[in-house]
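Predicted model, so just to flag it, every value in this text is computed and none were measured.
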Amino acid sequence: MSIEIVNVSKRFGDFVALDNVNVSIPAGQLTALLGPSGGGKSTLLRIIAGLETADSGRIEIEGVDATKLSPQKRNVGFVFQHYAAFKHLSVARNVAFGLEIRKRPKDEIRERVHELLKLVHLAQFADRLPSQLSGGQRQRMALARALAVQPTVLLLDEPFGALDAKVRKELRDWLRRLHDEVHVTTVFVTHDQEEALEVADEIVVINEGRVEQIGSPDALYDTPANDFVMRFLGPVTELGDRLVRPHDLQLLTGGGESGAVPGRITRITRVGFEIRVVVAVRDQFVTVTLTRNEFLSLDLHVGSEVQVRVAPEVANSVGQSRVLGAV
Amino acid sequence: MASHPATRTRRGPVAYLVRLLVIVYLFLLVAWPVYLVGKNTFADGMDNINGILEDPDIVHAISLTVQVAIIAVIINTLFGVGISLLLVRYDFRGKRLLSAMLDMPLSVSPIVVGLALVLVYGGRTGWFGPALEGMGFQVIFATPGIVLATVFVALPLVIREVVPVLEEVGEEQEQAARSLGANAWQTFRRITLPSIKWGVVYGVVLSLARSLGEFGAVKVVSGNVLGETRTATLVVEEKYLNFDKGGAYATAFLLALVAVACIIIVSVIRPKEDR
C-alpha cells in the first residue's frame with residue numbers, strides 16, 4: 001500500500017472535518033476522494049501533503065511515517081484547484097522550480113522541463129507567463145511542475161473545478177491517459193461523481209468527515225454500502241420502501257406480473273436519448289427512465305395505466321435489499 | 001489586474017463642474033503653495049541654493065537627514081515586511097490589537113512621540129536611558145534618538161502597502177513552493193518577495209519621503225545642536241524664524257524635490273498592470 005491513513009481526525013474549532021478516518025491508498029493507481037463540499041475530502045488531501053496537520057492519527061507514505069514531516073520533505077506533488085502558478089516566472093521556470101531547488105545541473109533541468117512540457121502539450125508556450133495561458137493550460141503546467149520532481153504521490157485538489165464543462169471533460173480524459181503513461185500513485189479530490197466514476201480506479205466516498213465506502217467504480221455504483229453512497233453516485237427514486245435507480249425500473253402495460261405495482265403516468269420528459277416517465281403509484285411519484293426505443297414500443301402517454309417493477313436481473317444481482325433509512 | 005473594467009468617460013455640465021472643483025481645490029491646497037516655495041527659492045537665481053550648499057552646517061544637516069532617513073527606511077522595510085507576513089499568514093492571540101497598535105504612529109502627533117521617547121530613553125531621567133548612557137550609548141540628543149523617532153513615525157507605511165498585496169496574492173503559491181521542496185527562506189526569496197515587490201517599493205518610497213520630512217518628533221529628541229544634531233527640517237524652521245527666508249525656502253525646496261522625485265520615479269517605473 002502506498003499511502004496509509006490511520007485514525008486521522010481533524011477539527012477546525014467546533015467543526016469536525018475528519019472523524020477517525022482510515023484509508024489505504026494502493027500504489028500506482030488513480031484514486032478519487034469523492035464527496036459533497038465541506039465533507040472533509042480536501043482536508044484529508046492537504047493532510048497527506050503536509051499542508052495541514054492532523055489533530056491525531058498517522059500518515060504513512062511508501063512505508064515512511066510522514067505524520068511529522070514538513071511538506072518540503074514528503075516528496076509529494078500537489079496540484080491546486082486555482083493552479084497556484086508562480087505568476088512572475090515563465091512556464092518553463094515554473095516547471096523547473098522543484099529541480100532548481102534540488103540544485104540539479106542546468107542541462108538536466110532544461111532537458112527534463114522540455115520533456116515534461118511535451119508531455120503536457122505546452123512545449124510551444126515555454127517562454128510565456130502563466131497569465132498568457134488559458135485555465136486548462138495553466139492546470140497542465142501545474143501538473144508538469146508537480147511531476148517534475150518525480151513525486152512518490154501526486155495529489156490533485158479539485159483539479160478541474162475552476163474550468164468550464166468542455167475543458168473539464170477533455171482534461172479528465174487526458175489525466176486518465178497521462179496516468180496510464182506515468183503510473184505515479186495519484187489521489188484526486190472531486191465532488192463530481194461522474195468525474196470519479198469515469199477516471200478513477202478506486203473511489204473513496206467521504207461525507208461529514210467519515211469514510212462511507214471504498215471500492216471500484218463498479219462496486220460503488222452497483223452495490224453501494226448505504227443510501228448516502230447510492231444517492232451520491234447517481235440518480236435514485238423510491239418504489240415502496242425501496243431505493244432504486246430509475247433505469248433499473250421497468251414499465252409493463254400488460255396486467256398482473258409478480259412484484260409489479262400498478263400506477264398511472266403523470267408526466268413524460270425527454271432529455272436527449274433518455275425518456276423520464278413519472279408514475280403515480282399509490283401515494284408516491286416514481287421516476288422511471290427508458291431508452292427512446294423502449295418508450296416507443298410501449299406506446300405510453302400521460303394518463304396511461306401501467307405496472308412498475310424492478311428489473312428481474314437487478315433484483316437478483318443485489319444480494320441484500322436495501323431498506324430506506326438503514327444508513 | 002488586467003480585469004478592471006474600463007473607466008467610463010462621463011460628459012455633461014455636472015461632470016465638468018466636479019472636475020473643475022477638484023482641480024481648483026488641489027491647485028489652491030497643494031500645487032500653488034509648493035510652486036511658490038520653488039519660485040521664492042529661485043527669486044534671486046541660484047543665490048539661495050548656492051548659499052545653503054556653501055554653509056558646512058547646512059550641508060551637515062542635509063547629510064544627517066539623508067543618513068537618518070536611509071537607516072530608518074532599512075529598519076522599517078525589514079521590520080515592515082516581517083510584521084506584514086506575521087499579520088497575514090499567521091493567526092495568534094492579540095493580532096487585532098497588534099494591527100491597531102501599528103496604526104498608532106499615524107494617529108499620534110509626532111511631538112507626542114518625541115516626548116514619549118525622551119521619557120523612555122532620556123539620559124538623565126528616562127526609564128531606560130541612564131542604563132544605556134552608563135554603557136556609553138547616548139540616545140536622546142544624538143543620532144540614535146533621531147533614527148528612533150523617524151522609525152516610529154514612518155513605521156506603518158511599509159506594512160500598510162504590503163499587507164493588502166500579501167492578502168491578494170494568497171498562500172497557494174507559497175504552499176506549492178513548499179510542496180516542491182523549497183524551505184521557508186527559499187519560498188520567501190523566490191516566490192513571496194517577487195510577488196510583493198511593488199508593494200515593498202511603494203512602501204519604501206513613502207517611508208523615505210516621510211522620513212526626510214519628519215519634524216516634530218525629531219525636534220524634541222535631537223536637541224537641535226547646530227552642526228551636530230540639527231536636521232534639514234530643523235534648519236528650515238531656524239532659518240525662517242531668523243528671517244533668512246531665502247535659506248529656508250532653498251532647504252525646503254531641496255526636501256520637497258527629493259520626496260517628489262521619489263514618487264515620480266516609482267510611478268514611472270511601476271508596471272501598468274499592477275495598478
Members of residues 33-61 of chain A whose heavy atoms come closer than 4.5 Å to chain B: A:R46, A:L51

Other residues, nucleotides and ligands only: do more than 12 of their heavy atoms fall within 6.0 Å of CZ on B:F92? yes

Heaviest contributor of heavy-atom pairs below 4.5 Å to chain A, chosen from B:V169, B:T187, B:L180, is B:L180

Can you tell which part of A:A148 gets under 4.5 Å to a heavy atom of chain B, answering side chain, backbone, both or neither? neither

Let's go through A:F80 and B:Q175 carefully: what are the C-alpha distance in whole Å and the side-chain angles of both, what is the deciding distance for side chain to side chain contact (heavy atoms under 4.5 Å, CB included) to 0.1 Å, and is it a yes or a no? CA-CA 10 Å; A:F80 295 80; B:Q175 291 179 340; 3.5 Å; yes

Looking at CD of B:Q173 and CZ of A:F97, how far apart are the two atoms once the value is rounded to the nearest 0.5 Å? 10.0 Å

State, to 0.1 Å, how close A:R145 and B:A176 come at their nearest heavy-atom pair, and which atoms those are. NH2-CB, 3.5 Å

CD-CZ distance between A:E100 and B:R190, expressed to the nearest 0.5 angstrom: 5.5 Å

Do other residues, nucleotides or ligands put more than 12 heavy atoms under 6.0 Å from the OH atom of B:Y35? no

Tell me whether A:H114 at atom NE2 has more than 12 heavy atoms from other residues, nucleotides or ligands lying less than 6.0 Å away. no

Measure B:Q186 against the heavy atoms of chain A and call it side chain, backbone, both or neither at under 4.5 Å. side chain

Residue selection (most heavy-atom pairs with chain B, distance under 4.5 Å) from A:S70, A:A146, A:A85: A:A85

Is chain B contacted by the side chain of A:R102, its backbone, both, or neither, given a heavy-atom distance below 4.5 Å? side chain

Here the gap from A:K87 atom NZ to B:S195 atom OG, rounded to the nearest 0.5 Å, amounts to 8.0 Å

For A:A142, which atoms come within 4.5 Å of any heavy atom of chain B: side chain, backbone, both, or neither? neither

Taking atom CZ of A:F12 as the centre, does the number of heavy atoms from other residues, nucleotides or ligands within less than 6.0 Å exceed 12? yes

Under 6.0 Å from the NZ atom of B:K95, do we count more than 12 heavy atoms belonging to anything else shown? yes

